[in-house]
Structure formats: structure tokens, C-alpha cells
Amino acid sequence: TLRNKKLKRPFCNGDFEFTRLRPRALRARAHWCDFGVLYEGQRPYFCAITACPHCLVAARNEEFEKLNPAYEPKLMEFSKKARTQAQKPALFGLGDATVDVAFKRHELAIACHKLRAHSEAGELAGLMLHLVWIRRINGDAEGERKALGPAIEAYKVFYEKGNKLPEKL
């Protein structure tokens, strides 16, 4: 089930509400060979990204709550510029996200991840694989193929760096 959670805005201070999914409510319907899972009912990949509506900083839910502005100068600069924008993208509503909103949140999280001081190749590869799964769930074979190329490249970089696998894909 979906629930709204109040979160601190790490880069621009204050609080905001964001929708999260209770993991214990999920039931797997199918497992894919690329480690993706099709669930009954709710779509966890659609709720996997937290994005601040004020400064546009976005990350996977678990990573968002660990962000520390003191260690992220490039992300802080991005945040400052985003706060001055009059028009913000339509990514921030509460409740279940659409396919397009989920995809845009992931793209924003990928862009923010690339600005991080200590960008982890496994985290980036996992975010890119989410894009593949979102397209697959939506039945968009062409979009899935387009998203698969960058995901494969990200996993190659990850493999070559020899890092540990991310705990959450």
C-alpha cells in the first residue's frame, strides 16, 4: 500500500511529503532474468525515487535520506540553480506515479547521481536498469530496448571497477 512520508529537504531546508510504498505489501508475480520482478498490484519501481519539489535533488529513496550537502558541492550548486527556476517539472504529486513521471524521476535521479562526489557505479547501473523495467512493465518494447543499451554500458563500467553489488537494485 502507498503511504505519504514527511521528509527533510537536505539541500534547501524545510520539509516535504512524498509517497512511498510499503514493501511488505508486495507479492511477486514473475521474476525476470535481469533480476527485475513483476509485482501484483503496486509498482515499486514507480515509487523508488524521492525528488525534492523545491530544489529538484533526486535519489533512490534509501540514498535520498543519506544525502549530506556538506559532502556534495556539485549537487549543492545544482540545488541552488534549481531553486531559482520558476517552472519546475511535473514530478512531485503524491500518490501512485504514472509511467512518464516514474521515468522522469529516474532520469533526474541519474543526473543527480552523476553530480555526486562519490558516485557509485553500481548505484548508477541499478537506476538505469530501473528504466528498463519501467518500460517493460508498460509494454513499451522499443523504449525498453533503448533503455537497455545505457544500462548494459553502466553495468560494464561497474564490472570493470570491481565494486560490490548494490544491496537494492
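Because the structure is predicted, anything quoted here is derived from the model rather than measured. Counting begins at 1 with the first residue of the sequence.
- Rounded to the nearest 0.5 Å, atoms CG (Leu127) and CD (Glu120) are 11.0 Å apart.
- Under a hydrophobic-cluster definition in which Ile, Leu, Val, Met, Phe, Trp and Tyr are linked whenever side-chain heavy atoms come within less than 4.5 Å, directly or via other members, Ile152 and Trp133 are assigned to the same cluster.
- Placement of Trp32 and Tyr155 within a single hydrophobic cluster is found when ILVMFWY residues are connected by side-chain heavy-atom separations under 4.5 Å, directly or transitively.
- Residues meeting the side-chain contact (heavy atoms from CB on, under 4.5 Å) test with Arg29, sequence neighbours left out: Leu38, Glu40.
- With rounding to the nearest 0.5 angstrom, the CG atom of Leu148 is 8.0 Å from the CG atom of Leu129.
- Partners of Lys8 according to the salt bridge (charged side-chain N to carboxylate O under 4.0 Å, His left out) rule, which considers only residues two or more places apart in sequence or in another chain, are Asp15.
- Phe78 and Leu56 get closest at one heavy-atom pair: CE2-O, 3.6 Å.
- Judged as a salt bridge (charged side-chain N to carboxylate O under 4.0 Å, His left out), the pairs with a partner in residues 148-157 (not counting sequence neighbours) are, in order, Glu153-Lys156.
- The CZ atom of Arg105 sits 12.0 Å away from the CG atom of Asp100 when rounded to the nearest 0.5 Å.
- In this structure, the separation between CZ on Arg9 and NE2 on His54 is 5.0 Å, given to the nearest 0.5 Å.
- Of the possible donor and acceptor atoms, none in the side chain of Tyr45 sits under 3.5 Å from a partner among the backbone N and O of Val132.
- Glu72 contributes atom CD, which lies 4.5 Å from atom CZ of Arg116 (distance to the nearest 0.5 angstrom).
- In this structure, the side chains of Leu108 and Ile49 stay at 4.5 Å or more apart for every pair of heavy atoms.
- In terms of heavy atoms, Pro10 sits closest to Pro69 at O-CG, 2.8 Å.
- Listed by chain and residue number, nothing satisfies the side-chain contact (heavy atoms from CB on, under 4.5 Å) test with Asn13 (two or more places apart in sequence, or in another chain).
- Contacts of Arg43 classified as side-chain contact (heavy atoms from CB on, under 4.5 Å), with partners at least two apart in sequence or in another chain: Phe46, Asp96, Ile137.
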Yes or no on salt bridge (Lys or Arg N to Asp or Glu O under 4.0 Å) for Lys74 and Glu77, after CA distance, side-chain angles and deciding distance? CA-CA 5 Å; Lys74 289 181 183 175; Glu77 188 60 32; over 6 Å; no
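- Evaluation of the salt bridge (charged side-chain N to carboxylate O under 4.0 Å, His left out) rule for Lys6 yields no partner, not counting sequence neighbours.
- Identified under the salt bridge (charged side-chain N to carboxylate O under 4.0 Å, His left out) test for residues 129-144, with sequence neighbours left out: Asp34-Arg136, Arg135-Asp140, Arg136-Glu144, Glu142-Arg145.
- Partners of Glu107 according to the salt bridge (charged side-chain N to carboxylate O under 4.0 Å, His left out) rule, which considers only residues two or more places apart in sequence or in another chain, do not exist here.
- Annotation: salt bridge (charged side-chain N to carboxylate O under 4.0 Å, His left out) contacts of Lys5 (sequence neighbours excluded): Glu65.
- In this structure a side-chain-to-backbone donor-acceptor pair under 3.5 Å is missing from His113 to Ala109.
- Residues meeting the side-chain contact (heavy atoms from CB on, under 4.5 Å) test with Pro150, sequence neighbours left out: Met128.
- Using the six-membered ring where Trp is involved, Phe16 and Phe64 have ring planes that are perpendicular, over 60° apart on the 30 and 60° scheme.
- Of all heavy-atom pairs spanning Phe18 and Thr50, the tightest one is CE2-CA, 3.7 Å.
- Cys52 approaches Cys12 most closely through the heavy-atom pair SG-SG, 3.6 Å.
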